[in-house]
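What you see is a predicted model; the values in this text were computed from it and never measured. Letters A, B, ... are given to chains in the order of the sequence lines, protein chains preceding strands, and every chain is numbered from 1.
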Protein chains: 4
Amino acid sequence: MVERIVAAARRVLVEQGYDAFSTNRVAAAAGVSPGSLYQYFPDKSAVLDVVVDRYWDEVADRVQAALGDRVGQTGPAVVRATAAAVLAALESDRELLRVLHEDLPPRRLAGQRRALEVRVRHLLAAVLAGRGGAGGRSVDAQAWVVVLAVEAIALRWVLDGPGPDRGEVLDELTALVTGYLAPAQLG
Amino acid sequence: MVERIVAAARRVLVEQGYDAFSTNRVAAAAGVSPGSLYQYFPDKSAVLDVVVDRYWDEVADRVQAALGDRVGQTGPAVVRATAAAVLAALESDRELLRVLHEDLPPRRLAGQRRALEVRVRHLLAAVLAGRGGAGGRSVDAQAWVVVLAVEAIALRWVLDGPGPDRGEVLDELTALVTGYLAPAQLG
Amino acid sequence: MVERIVAAARRVLVEQGYDAFSTNRVAAAAGVSPGSLYQYFPDKSAVLDVVVDRYWDEVADRVQAALGDRVGQTGPAVVRATAAAVLAALESDRELLRVLHEDLPPRRLAGQRRALEVRVRHLLAAVLAGRGGAGGRSVDAQAWVVVLAVEAIALRWVLDGPGPDRGEVLDELTALVTGYLAPAQLG
Amino acid sequence: MVERIVAAARRVLVEQGYDAFSTNRVAAAAGVSPGSLYQYFPDKSAVLDVVVDRYWDEVADRVQAALGDRVGQTGPAVVRATAAAVLAALESDRELLRVLHEDLPPRRLAGQRRALEVRVRHLLAAVLAGRGGAGGRSVDAQAWVVVLAVEAIALRWVLDGPGPDRGEVLDELTALVTGYLAPAQLG
DNA sequence: TATGAATGAGGGTTCATTCAT
DNA sequence: TATGAATGAACCCTCATTCAT
């Protein structure tokens, strides 16, 4: 039942947009009465939370899996593969991603998004630190920069219409990251 | 009159948040009747549009001024100065920026934001092209990457609480951009 | 407009009972939209408050007028006349009195009711005190007793179907009060 | 089972108030499913009825016991003792009395309350009649007056915060009743 | 032009009651 | 018998918008 409601919620979001995301509409889409929705969720916000959580968990899992596979490795190939994994993760449900990132107030997503960023940032900072420091520059700041830059570019590429093709984006992301991190420790 | 309403709209947004941004509240804050508001704006959205437009125009002006001053110049110092100008532009009205970027559905801002990005991107692409191409890589793609990365990082730094200090962010942004663009054409 | 809504509220209460006293029903009875109701009242409770306040103010005015006319006077005739005034006051809008006292949770009325009781009690206590005390008994306690007894009996007589006829009730109320207060100071 | 539900209903009333008195809440408090509740009670009202009935039966038993002990006796001491019994009866479950008399629409209690009043009234009328009539006044009317006055005063004293102390109330009730009835037949 | 009272569809939510299991 | 998930009508309230003045 929770499943039916969450699925309906996702459907309403994707097909009708966030403005149409009313409890009555979600319940109707689930073929359920409004009252039933409230047997499984304390309020409207909780329904959205589940949809959002599931989406971000999925994305986070994919990204972390890709990172995990390569812990300790280095070099442009690794960067490119990771960037590819990020793109793939974000593409796994482009329709929902579009609604979540274009229709919802960013505050609604901030929690999950930050959480994922922090996890990835720490992973990356550890790798950088392991590589012998950054020649006096802050490894944390570097990780912060890389995560934000890659996230923003990947998000835009996945959501926006025409742009560089996939290979080109990966090339550029790779150049961006290696060019940034290389001088000090990836040379 | 339009002025009074737009000013009130801004005030309501900043002081009470987007949730409180109702036509009645804006009209009241402007000391005007709801009916009057509809004599100058077709609907609520149009009022918000003007506030958003003005904000982005202001930011765009500042950024473009900084870029314009340095057309034709090159090197890390220019990159750093430009990044500093972007930070300063975004900081010029942090309160409004926060509401616009955290409370509004991003779609509401997309138009203005894209417009600015495109302008800056073209400027940058021209500079890069003028500098003798990118060794076979797409100058447009590079400009696209740089603009998005700098924008995302600057936005986050201005809006989020604790992070690297200003000098550090500028250092890292400079390193990011020069590291990315340097090998091919800024050496 | 407030008038129309309050009148409709009274009508709904009297004709359909407190259970039917919903904002939508009141608005409909007033020939007005639900939204209009909320331009004049902060919430449903406020509408009921006005109805209740008006009723009790009316009753209080009548009772206090009757008492005021006789301040300083004494004797069974005065008691009887006062009791008659109380009955008349309560009979002025028997239909509404019925709903208010039978359908509403007493807490809803407690405030107004207590306020009137206190006013009358103080008036009466002053009269009793002026009459030379109560022979060691508390004038306040006596006023408290008299007010509650008369109120309860009058209320019941007005609301309940068959009972003693009017003259008989007045006789008995007179006997009750004079018998209670007489030995000490009304002899 | 009925027992469990009724006990839970009482508990909900006392601990959470009448507003919280929903069938679901009562069922939950009874550790029973809502459906089960409807196997033993036709509707929500019936559950409340039983709670109310039990309360008033208890009060009625105590009052009637006190009266029964003294049938045929007379004098201020008897009046006082009876009044004391009424106070004690009402105090036996003050928490429930408070909810029932302050939160419920009085109509919900009217039946039980009237029934007790009638019983006591008849008892009292019989005593008065046995005492040689009322000198032309209606013994029924007198009983009606006494019952209502004592009931109202006792109820208020038990429920309301500060007031005369217990002894004083009993003194005044005694004075009220004897002063009223004495001249004619209790002299 | 400027008003502001009036609108009414729609919002989120509750809860007495039912019925398939 | 006992369950408890499911119901759905109705609740109170908001707010973008209109229109007679």
Side-chain angles (χ1 to χ4, degrees), chain A residues 1-2 4-5 18-28 30-48, chain B residues 1-2 4-5 9 12 18-28 30-48, chain C residues 1-2 4-5 18-28 30-48, chain D residues 1-2 4-5 9 12 18-28 30-48:
Chain A
M1 183 71 157
V2 164
R4 252 169 79 174
I5 293 169
Y18 182 56
D19 285 351
F21 189 76
S22 73
T23 52
N24 285 346
R25 206 118 44 179
V26 169
V32 145
S33 85
S36 294
L37 189 152
Y38 283 88
Q39 288 215 339
Y40 298 91
F41 299 90
D43 56 22
K44 171 182 154 161
S45 180
V47 180
L48 182 56
Chain B
M1 186 70 150
V2 165
R4 258 170 72 175
I5 293 169
V12 169
Y18 183 55
D19 284 352
F21 188 77
S22 71
T23 51
N24 286 341
R25 202 116 45 174
V26 169
V32 147
S33 86
S36 298
L37 187 151
Y38 279 86
Q39 294 218 332
Y40 297 91
F41 299 89
D43 56 21
K44 170 178 156 168
S45 181
V47 180
L48 182 56
Chain C
M1 184 69 158
V2 165
R4 253 170 78 176
I5 293 169
Y18 182 56
D19 284 351
F21 188 78
S22 74
T23 51
N24 284 348
R25 206 121 42 180
V26 169
V32 145
S33 85
S36 295
L37 188 152
Y38 284 88
Q39 289 216 338
Y40 298 92
F41 299 90
D43 56 22
K44 170 181 153 160
S45 181
V47 180
L48 181 56
Chain D
M1 185 69 150
V2 165
R4 257 170 74 175
I5 294 169
V12 168
Y18 183 55
D19 284 352
F21 188 77
S22 71
T23 50
N24 287 341
R25 203 116 45 177
V26 169
V32 147
S33 85
S36 297
L37 187 152
Y38 279 86
Q39 294 217 334
Y40 296 91
F41 299 89
D43 56 22
K44 170 178 155 168
S45 180
V47 180
L48 182 55

Pairing string of DNA chain E (Watson-Crick or G-U wobble, both atom distances under 3.5 Å; | = paired to other strand) is .||||||||||||||||||||
Check the pair A:Met1, A:Val32 against side chain to side chain contact (heavy atoms under 4.5 Å, CB included), reporting the backbone distance first and the verdict last. CA-CA 9 Å; A:Met1 183 71 157; A:Val32 145; 3.4 Å; yes
Note: B:Val12 and B:Phe21 closest approach over all heavy atoms is CG1-CA, 4.0 Å
Between A:Ser36 and A:Ile5 the two heavy atoms that sit nearest each other are O-CD1, 4.4 Å
CA sep, side-chain torsions, deciding dist, call: D:Thr23, D:Val47, side chain to side chain contact (heavy atoms under 4.5 Å, CB included) = CA-CA 9 Å; D:Thr23 50; D:Val47 180; over 6 Å; no
Output for pair (D:Ser33 OG, D:Gln39 CD), nearest 0.5 Å, gives 8.0 Å
#### Entry: Short side-chain to backbone donor-acceptor contact, D:Asp43 and D:Ala46, under 3.5 Å
yes
One should read off an interatomic distance between B:Arg4 CZ and B:Leu37 CG, to the nearest 0.5 angstrom, of 11.5 Å
Note to self: Applying a 4.0 Å non-hydrogen cut-off, can you work out what D:Phe41 is touching in the nucleic acid: base, sugar-phosphate, or nothing?
What the structure shows: nothing
Nucleotide by nucleotide, nucleotides 7-14 of chain E touches protein heavy atoms under 4.0 Å in the pattern (B base, S sugar-phosphate only, - none) BB--SBBB
Bounded by its outermost nucleotides with an atom under 4.0 Å from a heavy atom of chain D, the footprint on DNA chain F reads F:dT1 to F:dG4
message = Please determine whether side chain to side chain contact (heavy atoms under 4.5 Å, CB included) holds for the pair A:Val2 and A:Phe41, giving the CA-CA distance in whole Å, both sets of side-chain angles, and the decisive distance to 0.1 Å.
response = CA-CA 8 Å; A:Val2 164; A:Phe41 299 90; 3.9 Å; yes
